[in-house]
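Not measured: the values here are computed from a predicted model. Position 1 is the first residue of the sequence; numbering continues from there. Side chains included, hydrogens not; waters and symmetry mates left out as well; all remaining heavy atoms used.
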Amino acid sequence: YTKKTVIKHYTSLDQFVKSWTEAERKETIISELEKEGVIWQALWDDVGKDFDPFDLICHVVFDQPPLTRKERMNNVKKRNYFTKYSEPAQQVLNILLDKYADVGLRELENIKIFKADPLNQMGNPREIITSVFGSKKQYYKALADLEKSCEQNKETKVS
């Protein structure tokens with residue numbers, strides 16, 4: 001069912017990857033597929049809980065080997081992605097990347113992530129975002145860059 005549903009929207013792996021990469025928030029695609037009847041819990045039960053929605057779709061629909069969130073996290077860390085940011089920003093982004101490996105993309109894009117340990121010990125979300133990134137816009141840009149860094153793995157894995 002998932003394969004038929006996704007193919008209606010994305011007829012090829014390239015089209016899916018392009019849409020996923022260009023999406024400002026991945027939650028938009030995840031929710032759209034959910035509304036069409038994709039049951040994420042069933043996919044996690046069948047394939048494994050350690051995969052993000054992108055990998056589940058690529059694996060189930062386009063027969064691609066999935067990478068776990070932890071594998072993606074480790075690949076980002078190996079590339080020294082964070083060096084372009086200030087020390088405090090690197091600290092927050094490293095925490096977010098670790099959270100991604102543990103809980104997934106949906107949680108990462110939710111501002112409530114700042115209420116969980118250890119981010120909540122650094123201050124409230126507004127304080128962290130403005131003191132570390134300068135503005136909410138800059139924070140979301142850094143988050144999008146982080147997601148794109150994870151996607152580089154995805155594109156090389158599925159190409």
Quiz prompt | 4.5 Å side-chain heavy-atom contact, Lys115 and Leu119 | solution = no

Exercise. Could I get the full list of ring-ring contact (aromatic ring centres under 6.0 Å, His included) partners for Phe82, not counting sequence neighbours?
Key: none

Quiz item: Where is the tightest heavy-atom contact between Cys150 and Val76, given as atom of each residue plus distance?
Solution: SG-CG2, 3.7 Å

Self-check item: Closest non-hydrogen atom pair between Ile128 and Gly123, with its separation
Solution: CD1-O, 3.3 Å

Exercise. State which residues pass salt bridge (charged side-chain N to carboxylate O under 4.0 Å, His left out) with Glu127; sequence neighbours excluded, sorted by chain then number.
Key: none

Quiz prompt | Qualifying salt bridge (Lys or Arg N to Asp or Glu O under 4.0 Å) pairs, either residue in residues 88-105, two or more places apart | solution = Lys77-Asp98

Exercise. Tell me, with the steps shown, if Gln91 and Ile95 meet side-chain contact (heavy atoms from CB on, under 4.5 Å).
Key: CA-CA 6 Å; Gln91 182 183 5; Ile95 292 168; 4.3 Å; yes

Quiz item: Could you give the distance from OH (Tyr140) to OG (Ser135), rounded to the nearest 0.5 Å?
Solution: 11.0 Å

Self-check item: Expected output: side-chain Gln64 to main-chain Phe62 donor-acceptor under 3.5 Å
Solution: yes

Self-check item: Glu24 CD: over 12 foreign heavy atoms closer than 6.0 Å
Solution: no

Quiz item: With side chains defined as the heavy atoms from C-beta onward, is the minimum distance between Asp52 and Tyr100 less than 4.5 Å?
Solution: yes

Quiz item: Which pair of heavy atoms, one from Ala101 and one from Lys70, lies closest together, and at what distance?
Solution: CB-CA, 4.1 Å

Exercise. Look only at the side chain of Thr130 and the backbone of Arg126, and say whether a donor-acceptor pair between them is shorter than 3.5 Å.
Key: yes

Quiz item: If Ile, Leu, Val, Met, Phe, Trp and Tyr residues are connected whenever their side-chain heavy atoms lie under 4.5 Å apart, and connections chain through other members, are Ile111 and Leu96 in the same group?
Solution: yes

Quiz item: Which heavy atom in His9 sits nearest to a heavy atom in Glu32, and how many Å separate them?
Solution: ND1-OE2, 3.7 Å

Quiz item: How long is the gap from CG on Asp55 to OG1 on Thr68, to the nearest 0.5 Å?
Solution: 8.0 Å

Quiz prompt | Heavy-atom side-chain proximity of Leu67 to Asn75 below 4.5 angstrom | solution = yes

Quiz item: Taking side chain as C-beta onward, heavy atoms only, is Thr2 less than 4.5 Å from Trp40?
Solution: no

Quiz item: Got a sec, which pairs hit salt bridge (Lys or Arg N to Asp or Glu O under 4.0 Å) with one end in residues 36-51, sequence neighbours left out?
Solution: Asp45-Lys49

Exercise. Check whether any side-chain heavy atom of Val60 sits under 4.5 Å from a side-chain heavy atom of Ile57, and report yes or no.
Key: no

Quiz item: How long is the gap from OH on Tyr85 to CD on Gln90, to the nearest 0.5 Å?
Solution: 10.0 Å

Quiz item: Are Ile29 and Tyr1 in one and the same hydrophobic cluster, where Ile, Leu, Val, Met, Phe, Trp and Tyr link if side-chain heavy atoms are under 4.5 Å apart?
Solution: no

Quiz prompt | Sub-4.5 Å side-chain heavy-atom contact between Ile7 and Ser12 | solution = no

Exercise. Give a yes or no answer on whether the side chain of His59 reaches the backbone of Pro65 with a donor-acceptor pair at less than 3.5 Å.
Key: no

Practice problem: Give the intermediate values and the outcome of side-chain contact (heavy atoms from CB on, under 4.5 Å) for residues Cys58 and Phe54. | Solution: CA-CA 6 Å; Cys58 288; Phe54 176 91; 3.4 Å; yes

Practice problem: Taking the side chain as every heavy atom from C-beta outward, state whether Lys26 and Pro53 have any pair of such atoms under 4.5 Å apart. | Solution: no

Quiz item: Say you draw a straight line from NZ of Lys112 to CD of Glu107; how long is it, rounded to the nearest 0.5 Å?
Solution: 9.5 Å

Exercise. If a pair satisfies salt bridge (Lys or Arg N to Asp or Glu O under 4.0 Å) and one of its residues is in residues 80-93, list it, with sequence neighbours excluded.
Key: Lys84-Asp145

Quiz item: Any side-chain heavy-atom pair from Thr21 and Lys18 closer than 4.5 angstrom?
Solution: no

Quiz prompt | Separation between OG of Ser131 and CE of Met122, rounded to the nearest 0.5 Å | solution = 7.5 Å

Quiz item: In Å and rounded to the nearest 0.5 Å, what is the OG to CD distance from Ser149 to Glu147?
Solution: 11.0 Å

Quiz item: Is there any ring pair (Phe, Tyr, Trp, His ring centres under 6.0 Å) pair reaching into residues 102-136, and which pairs are they, with sequence neighbours excluded?
Solution: Phe114-Tyr139, Phe133-Tyr139

Practice problem: Taking atom CD1 of Ile39 as the centre, report whether more than 12 heavy atoms of other residues, nucleotides or ligands fall under 6.0 Å from it. | Solution: no

